[in-house]
Amino acid sequence: MSYSPSEIMQYVSEEDVKFIRLAFCDVYGRQKNISVMPWELERAFRYGAAIDASAIDGFGDGTRSDLFLHPDPSTLAVLPWRPDHGRVVRMFCSITYPDGRPFEADARQVLRQTAEEADRRGVHFFFGSELEFYLFKTDESGASTGEPHDNAGYMDIAPEDKGENVRREICLTLEQMGIKPESSHHEEGPGQNEIDFRYSSPITAADNAVTFKAVVKTIAARNGLFADFSPKPMAGFPGNGMHINISAKTDDGRDVMPQIIAGILEHIEEMTAFLNPKEESYGRFGSCKAPQYISWSEENRSQLIRVPAAVGEYRRAELRSPDPACNPYLAFSLLIRAGLDGIEKGAELPSPTDINLYKASEDILKKFRTLPRDLREASDMAKSSGFISEVLPGSIIDCYCGK
């Protein structure tokens with residue numbers, strides 16, 4: 001829901017709000033914030049709140065340290081786990097230089113500009129994320145022991161599934177924050193869980209993904225558990241994926257999904273360093289339903305992109321390679337640009353691959369392009385990509401791929 005700054009300030013006054021968290025992400029998608037008191041909120045709306053960015057990854061050094069946070073009133077959310085008296089609320093922010101220029105390493109602003117460009121072209125994108133995470137037991141200091149919370153399997157129920165109540169609390173907390181999960185269940189790995197979201201506009205979907213990770217970690221800790229979103233928490237078991245569902249509508253009613261999928265398939269190798277930014281990310285590929293080959297199909301979960309069984313407004317393409325270590329603002333920006341490129345070029349979607357690639361022969365597999373084998377290969381492909389340099393600022397590319 002959209003609120004004006006004056007409405008936010010009235011809400012803060014009437015609802016006993018004592019702390020306002022101004023949230024943003026570093027270049028890698030890790031959420032940061034500063035808290036301001038209610039009497040500072042009007043100045044934050046009018047001028048921005050100053051921060052020292054010198055110690056934030058990707059935001060520069062001591063020679064260029066002053067940046068300003070500008071709260072987005074449409075993102076107001078109460079933090080339900082904080083006290084009712086002296087409430088705490090959160091708003092996401094855009095980031096500028098002191099002279100008002102947008103800060104180029106603000107990934108949220110990159111996505112906003114990208115989505116607005118797509119809208120101007122008459123193509124409106126929507127995203128829904130499926131994020132997986134492990135729940136581990138903790139030691140006396142709250143650190144992960146590496147021992148899973150349970151030994152349940154895919155879609156098991158209680159009592160084998162011990163994460164049921166934690167997922168319930170997570171979903172109810174998200175609902176209180178204005179975020180409505182679509183479904184939740186136990187995943188394949190011991191202690192592994194998944195919660196899915198219905199599609200939203202690009203900025204909202206990315207904000208929700210960032211919020212989701214913070215909520216999961218908070219609720220897990222309140223239950224004496226550690227939530228692990230890393231790509232491969234346990235050797236020999238499934239990694240954590242962040243499947244991204246993509247749909248689009250056009251002003252003229254065209255079906256452009258074939259061209260969007262074709263554009264993503266064309267540029268996927270170049271994008272992988274940003275979709276899978278950790279060395280351990282590449283340990284997922286090729287097993288436990290994580291793709292390795294560049295292909296697509298309907299429903300087939302061994303493919304990079306599948307088109308799930310759905311009709312009408314629910315028809316979408318699911319990209320299965322990203323993992324939760326990615327910055328969703330950058331991921332969605334790249335996917336929009338790849339989709340627009342496919343539309344602009346009239347890219348032709350190749351024939352679907354209706355086979356199980358996990359069981360296919362070497363003669364069949366060698367016909368397919370593969371995702372990068374490791375982070376170095378992915379980074380090299382990104383650095384040499386004209387497509388990536390057109391989509392992302394050089395400072396962001398340097399952070400992920402080196403200069």
Side-chain angles (χ1 to χ4, degrees), residues 28-30 128-137 144-156 161-163 166-167 170 183-197 209-210 212-213 216-217 220 225-245 268-269 271-295 300-306 318-328 330-331 334-335 356-359 365 370-379 400:
Y28 300 110
R30 294 184 293 246
S129 301
E130 303 174 10
L131 290 105
E132 297 169 344
F133 58 95
Y134 275 81
L135 291 176
F136 292 117
K137 298 177 182 179
S144 172
T145 63
E147 181 183 352
H149 181 44
D150 61 39
N151 290 301
Y154 189 63
M155 290 193 177
D156 279 349
D161 170 19
K162 295 181 180 178
V166 178
R167 293 196 305 274
I170 291 168
S183 63
S184 64
H185 60 86
H186 198 285
E187 256 297 336
E188 288 189 63
Q192 190 182 29
N193 300 265
E194 177 177 313
I195 297 178
D196 303 340
F197 295 91
V210 171
F212 172 76
K213 291 174 70 173
V216 170
K217 291 177 180 179
L225 299 168
F226 180 87
D228 193 330
F229 283 93
S230 62
K232 193 71 173 175
M234 297 178 66
F237 290 95
N240 284 324
M242 178 180 165
H243 301 163
I244 299 175
N245 292 286
I268 190 64
E269 295 108 319
M271 298 190 289
T272 295
F274 303 94
L275 304 178
N276 306 93
K278 301 286 188 181
E279 188 60 59
E280 63 185 289
S281 299
Y282 299 82
R284 288 180 54 241
F285 293 163
S287 64
C288 301
K289 298 181 182 178
Q292 181 177 3
Y293 298 94
I294 298 172
S295 60
N300 190 333
R301 283 177 166 79
S302 71
Q303 311 294 324
L304 174 67
I305 295 177
R306 76 180 189 103
E318 178 190 59
L319 179 66
R320 299 177 60 79
S321 61
D323 63 59
C326 77
N327 181 333
L330 298 182
L334 289 164
L335 294 172
N356 187 339
L357 291 177
Y358 299 128
K359 297 181 179 180
L365 294 177
T370 63
L371 294 172
R373 293 167 296 180
D374 52 38
L375 184 56
R376 178 182 293 275
E377 182 179 344
S379 298
Y400 278 80

Atom CD in Glu280, atom OG in Ser230: separation rounded to 0.5 Å? 4.5 Å

May I ask you to decide if Pro233's main-chain N or O and Asp228's side chain share a donor-acceptor pair within less than 3.5 Å? no

In a check of side chain to side chain contact (heavy atoms under 4.5 Å, CB included) between Leu275 and each of Leu319, Leu330, Asn327, which one passes? Leu319

Carboxylate-amine/guanidinium proximity below 4.0 Å for Glu279 and Arg376: no

Are the side chains of Asp150 and His186 in touch, meaning some heavy atoms are under 4.5 Å apart? yes

Mind checking whether His185 and Tyr154 have parallel, tilted or perpendicular rings, split at 30° and 60°? perpendicular

Run the side-chain hydrogen bond (donor to acceptor under 3.5 Å, both in side chains) test on Asp323 and Asn240 for me, step by step, so that the C-alpha distance in whole Å, both residues' side-chain angles and the decisive distance to 0.1 Å come before the verdict. CA-CA 6 Å; Asp323 63 59; Asn240 284 324; over 6 Å; no

Is there a side-chain contact between Tyr282 and Leu375, using heavy atoms and a 4.5 Å cut-off? yes

Mind running side chain to side chain contact (heavy atoms under 4.5 Å, CB included) on Met234 and Phe136 for me, showing each step along the way? CA-CA 11 Å; Met234 297 178 66; Phe136 292 117; 3.7 Å; yes

Which atom pair, heavy atoms only, marks the closest approach of Tyr400 to Ala273? CD2-O, 3.8 Å

Nearest atoms (heavy-atom pairs only) where Pro372 meets Thr272: CD-OG1, 3.7 Å

Nearest heavy-atom approach of Ala325 to Pro277 is O-CG, 3.4 Å

Do the non-hydrogen side-chain atoms of Phe133 and Phe226 ever get within less than 4.5 Å of each other? no

Residues Ser129, Asp196; criterion side chain to side chain contact (heavy atoms under 4.5 Å, CB included); working and verdict: CA-CA 6 Å; Ser129 301; Asp196 303 340; over 6 Å; no

What residue among Glu187, Arg320, Arg284 forms side chain to side chain contact (heavy atoms under 4.5 Å, CB included) with Lys289? Arg320

Rounded to the nearest 0.5 Å, what's the gap from CZ on Phe197 to CG on Asn245? Could you check? 12.5 Å

Here the gap from Asp374 atom CG to Ser281 atom OG, rounded to the nearest 0.5 Å, amounts to 11.5 Å

What I'd like to find out is whether the side chain of Leu335 reaches to under 4.5 Å of the side chain of Met271, using heavy atoms alone. yes

Before giving the answer on ring pair (Phe, Tyr, Trp, His ring centres under 6.0 Å), spell out for Tyr134 and Phe229 the whole-Å C-alpha distance, their side-chain angles and the decisive distance to 0.1 Å. CA-CA 7 Å; Tyr134 275 81; Phe229 283 93; over 10 Å; no

Can you see which heavy atom on Val210 is nearest to which on Gly29, and at what distance? CG2-O, 4.5 Å

Looking at Gln192 and Gly239, would you say the former's side chain and the latter's main chain have a donor-acceptor pair under 3.5 Å? yes

Mind checking the CD-NE2 spacing from Glu132 to His243? Nearest 0.5 Å is all I need. 5.0 Å

Write down the atom of Leu131, the atom of Pro324, and the distance for their closest heavy-atom approach. CD2-CB, 4.4 Å

Please test Glu130 against Glu194 for side chain to side chain contact (heavy atoms under 4.5 Å, CB included), starting from the C-alpha separation and ending with a verdict. CA-CA 7 Å; Glu130 303 174 10; Glu194 177 177 313; 3.6 Å; yes

Side chains of Gln292 and Thr370 only: does a donor on one sit below 3.5 Å from an acceptor on the other? no

One should read off an interatomic distance between Lys137 NZ and Leu225 CG, to the nearest 0.5 angstrom, of 9.5 Å

Test item: side-chain donor near acceptor, Asn193 and His149, under 3.5 Å: no

Criterion side chain to side chain contact (heavy atoms under 4.5 Å, CB included) on Ser321 and Ile268, from CA distance to verdict: CA-CA 9 Å; Ser321 61; Ile268 190 64; 4.2 Å; yes

Only residue of Ile294, Asn356, Leu357 satisfying side chain to side chain contact (heavy atoms under 4.5 Å, CB included) with Gln303 is Leu357

Do Lys232 and Phe285 meet the cation-pi criteria used here (NZ or CZ under 6.0 Å from the six-membered ring centre, within 45° of the axis)? no

